[in-house]
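This is a predicted model, so every value here is computed, not measured. Scope of the values below: all heavy atoms of this structure, side chains included, with no hydrogens, waters or symmetry mates.
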Amino acid sequence: QVQLLESGGGLVQAGGSLRLSCAASGHTLSTYALAWFRQAPGKERDFVAAITTSGDSTVYADSVKGRFTISRDIDKNMVYLQMSSLKPEDTAVYYCAARYGSKISTSWASYDYWGQGTEVTVSS
C-alpha cells in the first residue's frame, strides 16, 4: 500500500510560482510511474503531468507545457511539480498519483494510489 501526501499549495498572484511536493510512504516509488492531476470546482479531474519510473521521460498537458515541470527524487521518495507563470485558470485542487510499472498514462483511471490533494488558488 502506498500513501501519498501533497503539500505546497496556497494562494498566489497570477504570474507567480509555486512548488508542489508529494511524499510517499509505505512503499518505495521506484517502481511506480507518477503523475499530477487537478480538479477545479465543478469540473472533472484533469491530467497535468506525468513522469516515468526512471525520470527520463515526462508528459505534460498542453495547457501547462512550458510552465510546469514534474520531477522526482527516488532517494527521498518524492515527486514535485514546479509551477511558474501561473494563471487564474490553474486554480484547482492538485493531486499526485502513482501507477505501478514504468509506463505513464494521462488517464486518471490508470492510477492506483492517490493523495488527498493540495489546493492552489491563483488570483488575477
Side-chain angles (χ1 to χ4, degrees):
Q1 191 79 6
V2 176
Q3 291 84 41
L4 302 172
L5 181 63
E6 303 94 337
S7 62
L11 174 63
V12 63
Q13 288 189 331
S17 299
L18 278 177
R19 187 195 195 205
L20 305 184
S21 300
C22 178
S25 60
H27 199 281
T28 176
L29 290 180
S30 61
T31 55
Y32 289 83
L34 302 170
W36 288 92
F37 287 78
R38 66 186 181 186
Q39 188 166 17
K43 295 189 176 182
E44 295 184 348
R45 190 168 298 191
D46 290 332
F47 170 77
V48 176
I51 188 167
T52 54
T53 50
S54 63
D56 62 351
S57 182
T58 56
V59 175
Y60 295 92
D62 288 342
S63 58
V64 308
K65 204 172 293 183
R67 300 188 298 122
F68 290 11
T69 302
I70 187 172
S71 62
R72 65 189 298 163
D73 187 325
I74 293 175
D75 291 337
K76 294 183 179 179
N77 232 22
M78 298 282 293
V79 60
Y80 306 98
L81 186 69
Q82 179 66 48
M83 306 186 295
S84 303
S85 302
L86 283 162
K87 305 175 182 180
E89 51 264 43
D90 294 319
T91 295
V93 177
Y94 283 71
Y95 300 88
C96 69
R99 179 175 190 264
Y100 184 76
S102 61
K103 292 184 179 180
I104 55 180
S105 171
T106 62
S107 170
W108 67 265
S110 299
Y111 288 82
D112 305 305
Y113 300 101
W114 292 84
Q116 293 186 326
T118 185
E119 190 167 1
V120 172
T121 303
V122 184
S123 63
S124 56

Applying the side chain to side chain contact (heavy atoms under 4.5 Å, CB included) test to V79, which of D73, I70, I74 qualifies?
I70

Under the criterion side-chain contact (heavy atoms from CB on, under 4.5 Å), I'd like the reasoning laid out for F68 against V48: C-alpha separation, chi angles, the key distance, then a yes or no.
CA-CA 9 Å; F68 290 11; V48 176; 3.7 Å; yes

Distance (rounded to the nearest 0.5 Å) between [X] [atom1] and [Y] [atom2]:
| X | Y | atom1 | atom2 | answer |
| --- | --- | --- | --- | --- |
| R72 | M78 | CZ | CE | 12.0 Å |
| L34 | Y80 | CG | OH | 11.5 Å |
| F47 | I104 | CZ | CD1 | 6.5 Å |
| L86 | T121 | CG | OG1 | 11.0 Å |
| R99 | Y32 | CZ | OH | 12.0 Å |

Shortest non-hydrogen contact from S63 toward R67
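Scanning both residues completely, I find the closest heavy atoms to be O-NH2, 2.8 Å.
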
Mind listing the closest non-hydrogen atom pair of S123 and L11 along with its distance?
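Minimum heavy-atom contact is CB-CD1, 4.3 Å.
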
Which residues share a ring-ring contact (aromatic ring centres under 6.0 Å, His included) with Y111, sequence neighbours left out:
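In terms of ring-ring contact (aromatic ring centres under 6.0 Å, His included), with neighbours along the sequence ignored, Y111 is linked to F37.
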
If you count heavy atoms of other groups shown closer than 6.0 angstrom to [atom1] of [X], is the number above 12?
| X | atom1 | result |
| --- | --- | --- |
| W108 | CH2 | no |
| Q116 | CD | no |
| K43 | NZ | no |

Is there a chain of hydrophobic side chains (I, L, V, M, F, W, Y, each step under 4.5 Å between heavy atoms) that links V59 to V64?
no

Should V12 and L81 be regarded as members of a common hydrophobic cluster, given that ILVMFWY residues are connected when their side-chain heavy atoms come within less than 4.5 Å of each other, either directly or indirectly?
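Hydrophobic grouping puts V12 with L81.
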
Could you go through the side chain to side chain donor-acceptor pair (under 3.5 Å) check for S110 and S105 one step at a time?
CA-CA 7 Å; S110 299; S105 171; 3.1 Å; yes

Show me the donor-acceptor pairs within less than 3.5 Å that the side chains of residues 13-27 make with the rest of the protein, sequence neighbours left out.
unit_1 : atom_1 : unit_2 : atom_2 : d
S25    : OG     : Q3     : OE1    : 3.4

Are R45 and Y95 in a cation-pi contact, defined as NZ or CZ under 6.0 Å from the six-membered ring centre and within 45° of the axis?
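Because its charged atom sits under 6.0 Å from the ring centre and within 45° of the axis, R45 does stack over Y95.
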
Salt bridge D90-K87, side-chain N to carboxylate O under 4.0 Å:
no

Pair L4, V2 - check side-chain contact (heavy atoms from CB on, under 4.5 Å), show working.
CA-CA 6 Å; L4 302 172; V2 176; 3.7 Å; yes

Please answer whether the main-chain N or O of [Y] pairs with a side-chain N or O of [X] as donor and acceptor at a distance below 3.5 Å.
| X | Y | result |
| --- | --- | --- |
| D112 | Y100 | yes |
| R38 | A92 | no |
| T58 | A50 | no |
| T118 | E6 | no |

Applying side-chain contact (heavy atoms from CB on, under 4.5 Å) to M83 and V120, what does each step give before you reach the verdict?
CA-CA 10 Å; M83 306 186 295; V120 172; 3.9 Å; yes

Between Y94 and E119, is a side-chain contact (heavy atoms from CB on, under 4.5 Å) present by the stated rule, with each step listed?
CA-CA 6 Å; Y94 283 71; E119 190 167 1; over 6 Å; no

